[in-house]
2 protein chains.
Amino acid sequence: MRRKLTQRGRDRRDQLLDHAARLFAERGYHPTAVSDIVASLGVGKGVFYWYFSSKEELLVEILKASHLDLRRRQQAAIGDEPDPVRRIELGIRASLAWFAQHREYFAIIQFAATDETFAPVLRRNREIGLADTIKHLKEAMVEHQIADQDPEVLANAIHGVVDQLTRRCVLERDEPVERVADAAVDFCLGGLRVSPAS
Amino acid sequence: MRRKLTQRGRDRRDQLLDHAARLFAERGYHPTAVSDIVASLGVGKGVFYWYFSSKEELLVEILKASHLDLRRRQQAAIGDEPDPVRRIELGIRASLAWFAQHREYFAIIQFAATDETFAPVLRRNREIGLADTIKHLKEAMVEHQIADQDPEVLANAIHGVVDQLTRRCVLERDEPVERVADAAVDFCLGGLRVSPAS
DNA sequence: CCCGTTGTTGACCGAGCGGTCAAGTGCTCC
DNA sequence: GGAGCACTTGACCGCTCGGTCAACAACGGG
């Protein structure tokens with residue numbers, strides 16, 4: 001759906017995006033009706049279909065916009081840091097911080113991953129994120145800062161740690177982001193540090 | 001729903017559980033109608049409601065049964081291994097192997113995690129799994145095989161790695177379980193092995 | 001002040017859903 | 001062989017959903 005929007009129109013669209021994201025996060029995508037979304041704004045149903053051609057398109061827009069925002073935050077955090085390992089660390093910290101500030105998107109992304117309709121968008125988002133991490137990992141390998149291993153597997157493992165610790169520690173248990181980020185970075189850089197003896 | 005079942009009845013119930021799990025995994029929970037499930041068996045709708053009181057109850061049963069099965073597999077794999085670190089390793093390998101054989105449950109569990117209705121069941125399942133890992137971690141700390149750290153955070157990090165590598169490598173890219181399991185164990189035990197110099 | 005465009009209304013529609021039920025079938029045990 | 005319980009049928013119900021639309025309001029440039 002492409003339409004000429006005035007400032008008023010753009011504001012409405014953003015309102016719809018925001019309210020929908022909140023409702024999707026709270027109750028889930030399917031259980032949230034379009035009529036719930038417009039009701040939460042106190043407007044008629046037609047408003048929704050003025051800005052979006054379908055409920056599906058709305059979710060796709062939410063996914064794209066949020067990923068863009070997360071990525072901007074990561075890049076801002078990394079800046080021009082020259083050390084690749086340090087860049088990975090800064091990326092991990094930025095991700096945790098972003099999710100702590102945008103909790104609602106976590107549940108939405110997780111649902112979208114379970115629905116074939118949205119999987120392509122999500123896959124694309126993920127590939128971009130992985131590519132960033134892989135780039136840093138490869139550089140770190142070239143500089144012999146870390147051992148030579150399949151960078152794609154490593155990148156996935158790192159994202160798995162960040163994902164899980166965000167979910168369990170930051171979102172569910174409300175632990176301070178800093179502390180959780182420290183733990184995530186520690187685990188990724190050093191694992192369980194099993195002593196060679198074992 | 002508790003009912004007296006003959007052998008025939010138990011078989012039907014299992015058929016329903018199986019077909020439903022497959023459909024939920026392929027299309028998702030909400031988009032799969034009860035009428036789809038019974039149609040895939042070529043029976044009338046009443047059959048479903050003879051064995052389950054609602055679609056919701058069905059999913060809860062699927063979640064409980066699958067978690068029980070995974071756990072049995074883990075315990076069988078661990079056996080009476082005395083070394084706690086080795087027990088963690090065996091648990092990781094068993095999890096990956098189980099999911100490789102029961103791919104359909106991964107998508108179902110992921111969806112269930114996004115729906116408040118099913119979150120309690122899942123939370124319970126997860127707590128049980130974490131408790132197992134934490135037990136081994138604590139023992140390993142007592143024996144000074146690994147450094148003293150918050151065992152709950154570590155357990156979550158490990159589960160995150162297993163989760164992510166199962167999803168990306170085993171399920172999506174069909175890599176051999178053994179190889180992925182090696183990578184998961186390596187990463188968990190040693191992380192990125194950043195050289196102390198950095 | 002008028003007119004075209006942007007924005008809004010809410011009754012309405014067809015489709016599909018989860019769930020019910022009266023009626024029937026097949027098994028099993030006495 | 002029949003009484004009774006396990007199991008099956010599928011039309012049916014009430015409801016909610018995503019989406020449409022004709023009519024109308026607000027805004028803004030000329």
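It should be emphasised that the depicted structure is a prediction, and the values quoted were computed from it without experimental measurement. In what follows, every chain begins at residue 1, and chains take the letters A, B, ... in the order their sequences are listed. Values below: all heavy atoms of this structure, side chains included; hydrogens, waters and symmetry mates excluded.
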- Base, sugar-phosphate alone, or nothing: which one does B:V47 contact when heavy atoms must sit under 4.0 Å apart? base

- Query: In whole angstrom, what separates B:Q7's CD from D:dC5's P?
  - Reply: 21 Å

- Item | Co-members of B:I78 in a cluster of I, L, V, M, F, W and Y side chains, linked at under 4.5 Å | B:L90

- Task: Would you please confirm or rule out a distance under 4.0 Å between OP1 or OP2 of D:dT8 and any side-chain N or O of B:R12?
- Result: yes

- B:K4 has an atom NZ; how far is it from atom C1' of C:dT28, in whole Å? 13 Å

- Query: Nearest-Å distance, CD (B:Q15) to C1' (D:dT8)?
  - Reply: 13 Å

- Side chains of A:Q15 and A:R12: donor-acceptor distance under 3.5 Å anywhere? yes

- Whole-Å distance between D:dA6 P and B:M1 CE? 13 Å

- Message: I need the CG-P distance between A:D11 and C:dT6, as an integer number of Å.
- Response: 17 Å

- Item | Whole-Å gap separating C1' (D:dG10) and CH2 (B:W50) | 17 Å

- Can you say whether the rings of A:F52 and A:F48 are parallel (under 30°), tilted (30 to 60°) or perpendicular (over 60°)? tilted

- Query: Within the side chain of A:R22, is there an N or O that forms a donor-acceptor pair under 3.5 Å with the backbone of A:E104?
  - Reply: no

- Query: Under 6.0 Å from the CZ atom of A:R3, do we count more than 12 heavy atoms belonging to anything else shown?
  - Reply: yes

- B:L5 CG to C:dC27 P, straight-line distance once rounded to whole Å: 17 Å

- Query: Base, sugar-phosphate alone, or nothing: which one does B:Y51 contact when heavy atoms must sit under 4.0 Å apart?
  - Reply: sugar-phosphate

Anything under 3.5 Å between a donor and an acceptor, one on a side chain of residues 24-44 of chain B, the other on a protein residue two or more places apart or in another chain? List them.
residue, atom, partner, partner atom, Å
B:R27, NH1, B:D36, OD2, 3.2
B:Y29, OH, B:E56, N, 3.4
B:T32, OG1, B:L23, O, 3.4
B:T32, OG1, B:G28, O, 2.7
B:D36, OD2, B:A33, N, 3.0
B:S40, OG, B:I37, O, 2.9

- What string of B, S and - do you get for nucleotides 12-28 of chain D, 5' to 3', if B is base contact, S is sugar-phosphate-only contact and - is no contact with any protein heavy atom under 4.0 Å? -----SBBBB-----S-

